[in-house]
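Since the structure comes first, as structure tokens, the remarks are kept for the end.
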Amino acid sequence: MMSEPAIGKWVSFTLAGEVFALRVHDVQEVMMAQPLTPVPLAPEHIVGLLNLRGQIMPAVDLRRWLHFAPREAGADSRLIVLKTHGESLSLVVDAIGDVLDLPEVDWRDPPDTLAARHRGSVVGICPIEGCVVLGLDVRGLLGDG
Amino acid sequence: MPLTLAIIPALLVRSGGQRFAIPQVNLLELVYVDDEHKVKAIEHVRGAAIYRLRGEILPLVDLDGVLALAGAPATGGVNIVVIGVGARRYGLVVDEIQDTEEIVIKPLHGQLKRLACYSGATVLGDGGVALILEVAGIAALAGIDTSTRRTSEVAAVGQSRESEPQSFIVFSAGDGGQCAVPLAMVARLENIATNRIERVAGVEVVQYRDQIMPIVRAESVIRLGAAPILAEQPLVVFDFGHMVGLAVNSIVDVVDVVVDPTQLDGKTRFTQGRTVILGKATLILDVYGIIRELAPQFVRERRRMARRPEVLLVDDSMAMRAALGGFLRSVGMDVVDVASGEQALTELRAHATRFDAVITDLEMAGMDGFDVIRAVEAQDAKMPVFVWTYREDEELCARVRAAGARACIHKLKREALVEAMEHEGIVAGCDRSAA
């Protein structure tokens with residue numbers, strides 16, 4: 001595997017007070033909450049369709065995907081548009097944090113106590129000052145829905 | 001700029017506070033039942049709502065109900081969108097009927113593909129997003145069986161389908177003789193006031209949907225006896241590039257029957273032959289022959305090749321099949337469309353030498369495009385297969401070609417598809433001026 005310059009760079013965000021991160025090269029852009037068109041009968045984690053400059057993509061609420069408590073009505077949220085090779089996808093999260101430098105050596109395997117549902121998408125955990133970052137793999141998120 | 005094939009006219013409706021697009025190709029008519037009449041007009045048979053549309057019983061499907069939308073309580077009138085899917089019709093009840101708009105079909109993400117009730121989504125003029133309803137999927141959610149497949153090409157009728165039942169519309173004509181035509185050929189049924197019929201250059205015509213529609217009477221070429229004069233003339237309307245109405249006395253029924261063309265007797269220039277339907281001797285009319293004889297100027301001249309190329313189109317989206325099928329027909333091909341790889345195989349096995357090419361979508365439930373390529377090759381190694389897909393992925397296209405497809409074409413480039421078929425000699429000499 002060739003090492004990429006950005007491999008240690010992660011975008012952090014929060015969900016119900018917990019800190020998660022995605023690799024910078026998996027993220028196309030980050031934006032304010034947008035109006036979404038609901039898709040009746042869709043899986044519960046797909047909260048609607050987003051029109052991003054004429055491109056239509058589903059928005060997956062990560063709280064629902066990861067079985068967190070639902071966001072309170074009226075609570076603010078942010079959208080992360082993923083950079084994918086095929087179909088586009090966006091994620092709804094609570095808030096965006098920083099771009100963090102988290103070198104490969106600092107990452108640890110996720111503990112066995114993580115629910116199986118999370119294990120497919122959580123690639124590792126990385127302790128930083130004050131908290132632990134859960135690193136997510138978009139391929140795990142895009143897989144079987 | 002070639003028009004992209006994925007642009008289709010659609011009706012926008014609103015239900016549960018949300019907009020949906022219904023492809024125009026599925027629309028038959030719009031019915032509004034006002035508040036005063038709705039209690040009487042909408043009947044309930046063991047819990048299922050029905051509406052009587054000119055004597056035909058139309059099952060009603062509530063869009064709020066099937067999509068589990070938070071529907072507004074039913075106040076005011078009822079908007080019914082009459083939908084035709086295959087040989088079946090149903091009435092889709094929506095909160096509000098809005099405008100028609102030319103929409104661009106955008107495919108849904110893979111995670112939503114299993115929702116058979118949508119064929120895609122579109123961005124509306126105001127920037128909002130509307131889901132495009134797949135009317136067969138909606139019918140399935142409501143428990144209406146629409147599996148009766150529809151082929152819409154004249155030449156196909158009566159020559160194939162040896163064992164499959166075919167839907168026929170049965171009617172009486174002339175002095176009461178019973179006749180039938182395959183329902184798949186019929187565009188609409190109409191009742192028009194007889195005094196609206198005019199005569200132009202020896203042909204009866206009626207002004208219909210901004211067209212001058214000729215009316216032909218089967219009894220003028222077949223010995224059926226003179227038809228009675230009716231105050232209201234029922235018409236079976238066909239669309240051969242131009243609408244043509246066949247005058248009938250009354251519509252009897254729509255029935256599914258197995259007709260073996262080799263067993264029909266009495267085939268003439270204007271009939272496929274005679275068979276027994278609903279206990280009565282019934283003439284199966286060759287409508288194309290009748291119209292060509294009686295109103296030749298209204299039949300678009302078929303291409304002067306020994307035979308039109310015939311392609312089998314495989315796509316799980318009815319809207320896409322309608323859009324591409326219409327285009328391919330307009331450039332001189334006959335098209336049989338099916339909704340799955342499995343159906344395509346059945347069709348190919350039943351008619352081994354009928355098709356000149358197969359066009360298949362890539363991403364489908366069950367057999368996908370790769371499975372179709374392999375299965376077609378196993379069946380007939382010489383049969384050219386073309387893949388059309390929304391995926392813009394060179395590596396994928398290379399795999400598609402390596403699997404044996406002649407070409408991998410983006411769904412927005414239907415001209416390129418026809419060019420690829422010309423390149424393979426399938427549509428050589430095809431008259432494209434009609435497009």
Side-chain angles (χ1 to χ4, degrees), chain A residues 26-29 31-67 70 73 79-92 117 120-121 136-145, chain B residues 4 6 12 14-21 62-71 94 103-134 137-138 140-142 362-363 389-397:
Chain A
D26 286 334
V27 173
Q28 182 187 310
E29 59 187 290
M31 60 177 112
M32 307 288 287
Q34 303 285 320
L36 299 174
T37 302
V39 182
L41 309 185
E44 199 206 18
H45 61 272
I46 297 180
V47 285
L49 295 176
L50 167 72
N51 170 17
L52 181 69
R53 298 182 290 271
Q55 199 183 0
I56 296 175
M57 63 182 77
V60 169
D61 187 340
L62 271 191
R63 278 197 184 228
R64 295 190 190 183
W65 176 266
L66 297 170
H67 297 302
L79 272 169
I80 299 176
V81 179
L82 296 179
K83 195 183 287 173
T84 52
H85 292 293
E87 303 166 297
S88 306
L89 193 76
S90 61
L91 305 177
V92 181
R117 176 79 191 250
S121 38
L136 294 183
D137 183 3
V138 288
R139 274 151 294 274
L141 290 168
L142 297 173
D144 51 321
Chain B
T4 61
L12 297 183
R14 183 178 280 278
S15 255
Q18 195 173 336
R19 282 177 295 181
F20 297 92
D62 183 25
L63 190 58
D64 288 343
V66 290
L67 294 185
L69 298 167
V94 300
I103 61 166
V104 178
I105 306 176
K106 308 218 172 188
L108 287 179
H109 191 278
Q111 293 209 2
L112 295 168
K113 271 247 164 129
R114 70 187 62 171
L115 294 178
C117 47
Y118 311 117
S119 55
T122 190
V123 178
L124 299 175
D126 61 9
V129 174
L131 287 157
I132 303 167
L133 297 182
E134 174 78 45
I138 296 283
L141 280 177
L362 212 47
E363 291 168 319
T389 174
Y390 265 118
R391 299 276 296 276
E392 260 175 312
D393 185 339
E394 252 318 302
E395 185 257 310
L396 180 76
C397 276

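Lettering follows sequence order; numbering is per chain, from 1.
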- Message: Any heavy-atom pair between the side chains of A:Leu41 and B:Leu141 that's under 4.5 Å?
- Response: yes
- Message: Working note: A:Leu49 + B:Leu112, criterion side chain to side chain contact (heavy atoms under 4.5 Å, CB included); need CA distance, chi angles, decisive distance, verdict.
- Response: CA-CA 10 Å; A:Leu49 295 176; B:Leu112 295 168; 3.9 Å; yes
- Message: Are B:Pro107 and A:Ile56 packed together at the side-chain level, in the sense that at least one heavy-atom pair is separated by less than 4.5 angstrom?
- Response: no
- Contact class of A:Pro38 relative to chain B, heavy atoms under 4.5 angstrom: both
- Query: Between B:Leu115 and chain A, which part of the residue has a heavy atom less than 4.5 Å away: side chain, backbone, both or neither?
  - Reply: side chain
- Counting heavy-atom pairs under 4.5 Å to chain A, which of B:Val66, B:Leu131, B:Leu67 comes out on top? B:Leu67
- Name the option with the most non-hydrogen atom pairs under 4.5 Å to chain A; the candidates are B:Lys106, B:Arg19, B:Gln18. B:Gln18
- Nearest heavy-atom neighbours spanning A:Ser88 and B:His109: O-CD2, 3.2 Å
- Message: Show the nearest heavy-atom pair for residues A:Pro40 and B:Leu69, with the distance to one decimal.
- Response: CG-CD2, 3.4 Å
